[in-house]
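Note sheet for the following structure.
In this chain, numbering begins with 1 at the start of the sequence shown. All values below come from the heavy atoms of this structure, side chains included, with hydrogens, waters and symmetry mates left out.
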Amino acid sequence: MDFQGHVLVVTLTFYFYLLFLFFHSPLQTNASSSSSTKLIESVCKNTIDNANCLKALESDPRAVKASRLKDLAKIALELAVANATESKAYIDALLTKNHTEPIKQCSFWFEAVVGSFRSALRELDEDVLTANYDSKIAGDDADSCENALALRKVQIPSISTRNNYAKLYSSIAFEITNLL
């Protein structure tokens with residue numbers, strides 16, 4: 001084979017290699033994404049609110065890329081801690097403007113919600129059963145806040161919404177840790 005023929009063969013081989021990489025790389029990414037989506041779907045279908053579970057987890061790019069259940073558990077618990085911490089700050093801000101007993105009780109219970117989610121996150125690598133328990137307790141604490149409002153016949157939709165999200169994250173974390 002002459003020099004030009006050799007160059008042509010090497011060049012064509014190189015281009016076919018590039019085409020191979022181009023067409024196969026997106027398929028691998030889609031397969032990984034599909035696997036992660038299935039992981040999220042398998043968890044969410046067993047929670048108290050499948051649609052909002054999907055929205056919550058898929059809002060975090062790390063969750064969409066997670067390929068292991070334990071990674072997804074960590075992400076879900078981090079989201080739960082962030083959500084509960086923000087809710088606690090919101091309730092405390094309400095409390096400074098409206099110092100009533102139900103809001104005071106909700107502040108107390110949300111301190112417990114935050115503590116339970118943080119504990120579950122810490123326990124994830126050491127004691128999954130305790131992480132599972134703490135995840136469940138966080139939702140029970142949000143229920144206690146809602147009960148404090150109902151007992152006094154007080155309706156504060158913004159707190160009730162936060163209770164619902166705490167219960168959702170509790171359900172998500174409980175389901176994931178239950179599968180570990």
Side-chain angles (χ1 to χ4, degrees), residues 39-66 69-180:
L39 184 63
I40 290 172
E41 288 173 355
S42 72
V43 168
C44 288
K45 71 180 180 183
N46 295 316
T47 64
I48 60 172
D49 186 342
N50 182 54
N52 280 324
C53 173
L54 291 170
K55 283 181 191 176
L57 292 179
E58 290 174 349
S59 72
D60 189 316
R62 299 173 306 155
V64 176
K65 294 177 184 175
L69 201 53
K70 192 159 203 170
D71 295 336
L72 188 59
K74 181 179 180 191
I75 294 162
L77 282 165
E78 287 171 353
L79 290 170
V81 168
N83 179 273
T85 301
E86 188 277 326
S87 293
K88 168 76 167 109
Y90 176 85
I91 292 168
D92 287 348
L94 272 183
L95 190 57
T96 62
K97 297 174 191 169
N98 186 357
H99 202 74
T100 62
E101 189 60 29
I103 297 174
K104 196 185 312 182
Q105 287 181 4
C106 282
S107 175
F108 169 81
W109 287 114
F110 259 87
E111 184 70 32
V113 171
V114 171
S116 292
F117 281 138
R118 283 187 177 151
S119 177
L121 184 57
R122 279 191 309 271
E123 291 294 334
L124 197 56
D125 288 327
E126 297 168 22
D127 185 356
V128 176
L129 189 59
T130 300
N132 181 259
Y133 175 79
D134 287 339
S135 297
K136 177 75 170 113
I137 292 300
D140 294 345
D141 293 338
D143 271 335
S144 294
C145 168
E146 196 63 32
N147 291 338
L149 295 173
L151 185 65
R152 300 285 176 118
K153 296 180 180 18
V154 175
Q155 291 184 356
I156 306 174
S158 57
I159 293 179
S160 293
T161 297
R162 283 165 170 74
N163 285 330
N164 289 336
Y165 274 102
K167 290 186 279 188
L168 173 66
Y169 280 112
S170 169
S171 178
I172 293 168
F174 179 80
E175 288 304 323
I176 294 174
T177 55
N178 204 36
L179 295 171
L180 292 175

How close do [X] and [Y] get, heavy atom to heavy atom, and via which atoms?
X: S42; Y: L39; result: OG-O, 2.8 Å
X: V114; Y: T85; result: CG2-N, 3.6 Å
X: A142; Y: A166; result: CB-CB, 3.7 Å
X: P102; Y: V154; result: CG-CG2, 3.8 Å
X: L179; Y: V43; result: CD1-CG2, 4.2 Å
X: S170; Y: F117; result: N-CZ, 3.6 Å

Donor-acceptor under 3.5 Å ([X] side chain, [Y] main chain):
X: T161; Y: P157; result: yes
X: S116; Y: V113; result: no
X: S171; Y: K167; result: no

Once you round to the nearest 0.5 Å, how far does [atom1] of [X] lie from [atom2] of [Y]?
X: L151; Y: S144; atom1: CG; atom2: OG; result: 11.5 Å
X: I172; Y: N46; atom1: CD1; atom2: CG; result: 12.0 Å
X: I137; Y: N132; atom1: CD1; atom2: CG; result: 10.5 Å
X: L168; Y: I48; atom1: CG; atom2: CD1; result: 5.5 Å
X: T177; Y: L69; atom1: OG1; atom2: CG; result: 9.0 Å
X: I176; Y: I40; atom1: CD1; atom2: CD1; result: 8.5 Å

Please assess L94 against S158 for the test side chain to side chain contact (heavy atoms under 4.5 Å, CB included), listing each intermediate value before the final yes or no.
-> CA-CA 10 Å; L94 272 183; S158 57; 4.3 Å; yes
Between R118 and D134, is the closest basic N to carboxylate O distance under 4.0 Å?
-> no
Within-4.5 Å side-chain heavy-atom neighbours: [X] and [Y]:
X: D141; Y: E111; value: no
X: D71; Y: K65; value: no
X: L77; Y: L124; value: yes
X: D143; Y: N163; value: no

If you look only at pairs with a residue in residues 131-166, which of them pass as a disulfide bond (SG atoms under 2.5 Å apart), with sequence neighbours excluded?
-> C106-C145
Within the supplied structure, the quantity of interest is the number of heavy atoms (other residues, nucleotides, ligands) at a distance under 6.0 Å from [X] [atom1]; does it exceed 12?
X: K74; atom1: NZ; result: no
X: Y90; atom1: OH; result: yes
X: L180; atom1: CG; result: yes

Show your working on side chain to side chain contact (heavy atoms under 4.5 Å, CB included) between E146 and L149 and close with a plain yes or no.
-> CA-CA 5 Å; E146 196 63 32; L149 295 173; 4.1 Å; yes
Extract all donor-acceptor atom pairs below 3.5 Å that involve side chains of residues 51-60 and protein atoms in other chains or at least two apart in sequence.
unit_1: N52; atom_1: ND2; unit_2: D49; atom_2: OD2; d: 2.7
unit_1: S59; atom_1: OG; unit_2: A56; atom_2: O; d: 2.6
unit_1: D60; atom_1: OD1; unit_2: R62; atom_2: N; d: 2.8
unit_1: D60; atom_1: OD1; unit_2: R62; atom_2: NE; d: 3.1
unit_1: D60; atom_1: OD2; unit_2: R62; atom_2: NE; d: 3.3
unit_1: D60; atom_1: OD2; unit_2: R62; atom_2: NH2; d: 2.9

Please determine if R162 forms a cation-pi arrangement with F110, meaning its NZ or CZ atom is less than 6.0 Å from the six-membered ring centre and no more than 45° off the ring axis.
->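 So R162 doesn't make the cation-pi contact.
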Would you sort out whether S107 and K88 count as a side-chain hydrogen bond (donor to acceptor under 3.5 Å, both in side chains), showing the intermediate values?
-> CA-CA 6 Å; S107 175; K88 168 76 167 109; 2.8 Å; yes
